[in-house]
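For reference, the structure is listed below as structure tokens.
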Amino acid sequence: MDKSLLSKTAAAMVAAGKGLLAADESSGTAEKRFKSVGVESTEPNRRAYRGLLFSTPGVERFISGVILFDETIRQKAETGVPFPEYLAAKGIIPGIKVDKGAKDLALCPGERVTEGLDGLRERLAEYFKLGARFAKWRAVITIGNGIPTHSCLYANAHALARYAALCQEASIVPIIEPEVLLDGDHTVERCEEVTEATLRATYAALAAYNVSFEHTILKASMVVSGKDCTRQAGADEVAERTVRVLKRTVPAAQPGVVFLSGGQSDLDATAHLNAMAAMKGLPWPLTFSYSRALQNPALKAWRGQTGNVQAAQKAFHHRARMNGLACQGKWKAELEKPSA
Ligand code: 13P
């Protein structure tokens, strides 16, 4: 466990004005995203698309690190250089998703637990050699009638803690991601309650497994109204509730908190982050670790055509810049206009 490397990596991940690009969609998710724009999800297409994102000129001003998928960390850029090396040369830290996905949790209908601990120590050692300096593990918590149960929160917290300890042992910074899903008609109050319970369980487990808070990054979901709830909380309310929950549960020793976009619109994800980052006196930097909210316009512009690469890169650069401003509380809606 190289503590100085862990500290250096964690600080660089949340450096001022920068955030993470999540490009670690599993094969199933990549297929869904590609299908939405009429592109077949083949290995060369996935390589071309992710290569387009990574090679966007100037994007390293706003992107500190990229979360890769197992396939991507082994692929090469157009130049023939492996992606991790290519990114590192641009000053972007390569990271890796190491979980094996959420599976049905036994005896808990409607709930899931994330798997992937078996053989993780060996996989982490290989990923470190391939250039990964941080990792991600995502737990999913569903809000519904009578759920989440204590069993679900406990099982996921336990897995996140065991994963985090293995990462730190391998000198890889663990991103701890307990995502409370926005699907459903639950209120924002209910989301706040569940997010708080989830984070409490997570941090209790991290402490129980001796995980060093100084060398972890939290990837949090924002406290938002359920997608189908009739009352949708506005940006200021989302910001206030999210920060309140984080302050109650996340140790100040932690180097930073990044957010997932979780199906929010691109502009909501930016506006919510901006409202939180503009708050004074926060104990940690807050920034983005978005997949959809950074990639949506780029994917739509690309549509699998080489001739659209520049337009796609422009769209990606714009969202990265907007979120780079938002994580400093400097974003304004007017900046979204094409001429701005
Ligand atoms: P979204 O921003 O699309 O939610 O993805 C982030 C992520 O990495 C989910 O694990």
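Keep in mind that this is a model prediction, so the values were computed, not measured. Each ligand, and each atom within it, is numbered from 1 in the order the structure gives.
- Using a 4.0 Å heavy-atom cutoff, Lys219 is listed among the residues neighbouring ligand 1.
- Under 4.0 Å from ligand 1, heavy atoms of Ser291 appear from its side chain as well as its backbone.
- Below 4.0 Å from some heavy atom of Ala22 lie the following atoms of ligand 1, by number and element: 8 (O).
- The two residues Gln232 and Cys229 make their nearest non-hydrogen contact at NE2-O, 3.0 Å.
- In this structure, Gly262 counts as a contact residue of ligand 1, since one of its heavy atoms falls inside 4.0 Å of the ligand.
- Ligand 1 has an N or O atom lying under 3.5 Å from an N or O atom of Arg292, backbone or side chain.
- Residue contacts with ligand 1 include Lys136, since one or more of its heavy atoms lies under 4.0 Å from the ligand.
- The closest approach between any non-hydrogen atom of Ala269 and ligand 1 is not below 4.0 Å.
- When each atom of ligand 1 is checked for a heavy atom of Tyr290 under 4.0 Å away, the hits are 2 (O).
- In terms of protein heavy-atom proximity, atom 9 (C) of ligand 1 is nearest to Glu177 OE2, 3.3 Å.
- Residues meeting the salt bridge (Lys or Arg N to Asp or Glu O under 4.0 Å) test with Lys103, sequence neighbours left out: Glu115.
- Using a cut-off of 4.0 Å between Lys/Arg side-chain N and Asp/Glu carboxylate O, Glu40 and Arg46 are scored as not salt-bridged.
- The closest protein non-hydrogen atom to atom 1 (P) of ligand 1 is Ser261 OG, 3.3 Å.
- Among Lys32, Gln295, Arg33, Lys97, the one residue that satisfies the side-chain hydrogen bond (donor to acceptor under 3.5 Å, both in side chains) test with Glu25 is Gln295.
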Worksheet item: side chain to side chain donor-acceptor pair (under 3.5 Å) between Gln254 and His215: does it pass, once the steps are laid out?
Response: CA-CA 7 Å; Gln254 193 163 284; His215 305 109; over 6 Å; no
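- Close contacts of ligand 1 with Ser289, meaning ligand atoms under 4.0 Å from a residue heavy atom, involve 6 (C).
- When the options His317, Lys314, Gln313 are evaluated for a side chain to side chain contact (heavy atoms under 4.5 Å, CB included) with Pro57, the one that passes is Gln313.
- Within the 4.5 Å cutoff, the side chain of Trp137 has no heavy atoms near those of the Ile176 side chain.
- Applying the side chain to side chain donor-acceptor pair (under 3.5 Å) definition to pairs two or more places apart or across chains, those involving residues 271-282 are Gln264-His272.
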